[in-house]
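No hydrogens, no waters, no symmetry mates; every other heavy atom, side chains included, goes into these values.
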Amino acid sequence: MGREGDRMSWHLIEECIDAKRIGIGGHIRPDGDCVGACLGLWQYLRKCLPQAHVQVFLEKPADIFQEIKGFGEICSDFPDQEPFDVFFVLDSTVDRLGAGVKYAQTAVKTINIDHHISNASFADENYIFPEASSTSELIFDLIEEERITPEIAECIYVGMI
């Protein structure tokens, strides 16, 4: 169901190397895995691709997550804007993106990362591994160890628990 071969053989940065605009979205009523995966990926991409504009779109998460770095940067009003070069759909299927579906539908490239067995691999690139505990675990697998900051680790930890 996932990418061919090993879970560790796929490289996020290679998928985004020329992107100027990158969007990240997750499912409606975002839980800890959704928020943690989205904000962990957001921090990683901003660190590795400083030339790119990276945004996270989620329905407003519960205030319990407000201490996570980047929480205040989450866009919950879903404004109309130019299509993204790359749009990540995390911990979700396209039909559960809510108002963020428009970004996935108009993006030049879509990337879906998920751990749910029900995911139908709808994107241009799909990284689906149902044996994983969470999408946050998959984000952890995809980030080079030397690039994991304490803030990224916190996001991943929140998502995994």
Does the [X] side chain pair with the main chain of [Y], one donor and one acceptor, at a distance under 3.5 Å?
X	Y	answer
Arg21	Glu82	yes
Thr106	Pro83	no
Asp31	Cys34	yes
Asn126	Ser121	yes
Lys109	Ala123	no

Nearest atoms (heavy-atom pairs only) where [X] meets [Y]:
X	Y	result
Cys16	Leu49	CB-CD1, 3.6 Å
Ile128	His116	CG2-O, 3.9 Å
Thr135	Asp33	N-OD2, 2.9 Å
Ala132	His115	O-ND1, 3.6 Å
Ser92	Asn112	O-ND2, 3.1 Å
Cys155	Ser136	O-OG, 4.4 Å

pair [X]-[Y]: side-chain heavy atoms closer than 4.5 Å:
X	Y	value
Val89	Ile111	no
Ile24	Phe57	no
Val35	Val158	no
Gln55	Phe84	yes
Val56	Glu73	no
Phe140	Ile152	no
Leu90	Leu41	yes

Could you walk me through whether Leu45 and Phe88 pass side-chain contact (heavy atoms from CB on, under 4.5 Å), step by step? CA-CA 11 Å; Leu45 293 174; Phe88 285 88; 3.7 Å; yes
Got more than 12 heavy atoms from elsewhere within 6.0 Å of [atom1], [X]?
X	atom1	answer
Lys60	NZ	yes
Tyr157	OH	no
Asp18	CG	no
Glu146	CD	yes

Take His27 and Leu97, measure what side-chain contact (heavy atoms from CB on, under 4.5 Å) needs, and give me the verdict at the end. CA-CA 5 Å; His27 60 74; Leu97 282 175; over 6 Å; no
Under the side chain to side chain contact (heavy atoms under 4.5 Å, CB included) rule, collect the residues that match up with Glu59, sequence neighbours excluded.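 For Glu59 the side chain to side chain contact (heavy atoms under 4.5 Å, CB included) partners, ignoring immediate neighbours, are Ile28, Arg29, Pro30.
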All side chain to side chain contact (heavy atoms under 4.5 Å, CB included) counterparts of Asp80, not counting sequence neighbours: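 Listed in chain order: Lys102.
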Starting at CG of Asp114, measure out to CZ of Arg96 and round the result to the nearest 0.5 Å.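 Rounded to the nearest 0.5 Å, the CG-CZ separation comes to 9.5 Å.
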Side-chain donor-acceptor pair present, Asn119, Thr93, cut-off under 3.5 Å: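 Per modelled atom types, Asn119 and Thr93 side chains form no pair under 3.5 Å.
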Say whether Tyr44 and Glu144, considering side chains only, have a donor N or O and an acceptor N or O under 3.5 Å apart.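 Side chains of Tyr44 and Glu144: pair found under 3.5 Å.
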Any salt bridge between Lys69 and Glu154, counting N to O under 4.0 Å?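 Result for this pair is no, no salt bridge flagged.
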